[in-house]
Amino acid sequence: QVQLVESGGGSVQAGGSLRLSCTASGRTGSTYVMAWFRQAPGKEIGFVAARSWTGFSTNYADSVKGRFAISRDNAKNTVYLQMNSLKPEDTAVYYCSVGSTMATTSQRYNSWGQGTQVTVSS
């Protein structure tokens with residue numbers, strides 16, 4: 001199984017930036033896509049962004065397009081989520097995940113990190 005360790009969460013004022021990191025270890029041979037999801041209190045988990053590990057495909061939720069950017073460092077087995085122009089609506093627990101295909105539904109991903117809290121104040 002793939003193990004995922006996240007970091008970079010915290011509190012920031014609206015308009016600020018944060019950079020989340022997710023490092024993978026273990027059985028990563030079948031990992032083709034790394035993605036970020038988020039879940040606010042009382043809300044269903046939602047897709048944020050995804051990127052293929054060996055290709056160039058990316059996908060972003062409409063709510064974060066132009067503000068968030070997903071990137072990778074294959075040598076470090078790490079994926080990043082650069083979050084700019086943060087809004088209070090971005091407040092949520094953010095989860096890193098891996099899967100075999102590009103998808104926007106959480107059911108299509110196999111392994112998950114523990115989650116990291118992002119809080120954006122007005």
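Nothing here was measured: the structure is a model prediction, and the numbers come from that model.
At a threshold of 4.5 Å between non-hydrogen side-chain atoms, the residues Gln82 and Asn84 count as touching. Taking 4.5 Å as the limit, some side-chain heavy atom of Ile70 sits within range of a side-chain heavy atom of Tyr60. Here the side chains of Val98 and Val33 are not in contact, with every heavy-atom distance at 4.5 Å or above. Annotation: side chain of Val93 is not in contact with side chain of Thr116 (no heavy-atom distance under 4.5 Å). Between Ser85 and Phe68 there is no side-chain heavy-atom pair separated by less than 4.5 Å. When side chains are defined from C-beta on, Glu6 does not count as touching Tyr94, because their heavy atoms never get closer than 4.5 Å. Inter-residue side-chain proximity for Trp53 and Met34 is flagged as met; some heavy-atom pair is nearer than 4.5 Å. Inter-residue side-chain proximity for Cys22 and Arg72 is flagged as unmet; no heavy-atom pair is nearer than 4.5 Å.
By the 6.0 Å contact criterion, CD on Gln114 is enclosed, its count of non-hydrogen atoms from other residues, nucleotides or ligands being greater than 12. Annotation for Gln13: atom CD does not count as buried by contact number, only 12 or fewer foreign heavy atoms lying within 6.0 Å.
Panel note: side chain Ser52, backbone Ser57; a donor-acceptor pair is recorded below 3.5 Å. Between the side chain of Thr91 and the main chain of Val120, a donor-acceptor pair closer than 3.5 Å is present.
Side-chain N/O atoms of Thr101 and Arg108 include a donor and acceptor closer than 3.5 Å. If you check the side chains of Thr23 and Asn77, you find no donor sitting under 3.5 Å from an acceptor.
Contact between Ala50 and Met102 at its shortest, heavy atoms only, is CB-SD, 3.5 Å. The two residues Gly8 and Leu18 have their closest heavy-atom pair at O-CD2, 3.9 Å. In terms of heavy atoms, Gly9 sits closest to Leu20 at N-CD2, 3.6 Å. In this structure, Val2 and Ala24 approach most closely via the heavy-atom pair CG1-CB, 4.1 Å. When every heavy atom of Ala92 is checked against every heavy atom of Gln117, the shortest pair comes out as O-NE2, 3.4 Å. Here the closest non-hydrogen pair linking Ala49 and Leu81 is CB-CD1, 4.2 Å.
There is a path of hydrophobic side-chain contacts, each under 4.5 Å, that joins Val12 to Val64.
How far CZ of Arg51 is from CH2 of Trp36: 14.5 Å, rounded to the nearest 0.5 Å. With values rounded to the nearest 0.5 angstrom, Ser11 atom OG is found 11.0 Å from Leu86 atom CG. For the atom pair CD (Glu44) and CD (Gln39), the distance works out to 8.5 Å, reported to the nearest 0.5 Å.
Aromatic pair Phe47/Phe37: centroids less than 6.0 angstrom apart.
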Criterion side-chain contact (heavy atoms from CB on, under 4.5 Å) on Ser106 and Trp112, from CA distance to verdict: CA-CA 10 Å; Ser106 60; Trp112 297 81; 3.7 Å; yes

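Salt bridge status for Lys87 with Asp90: absent, with no side-chain N to carboxylate O gap under 4.0 Å.
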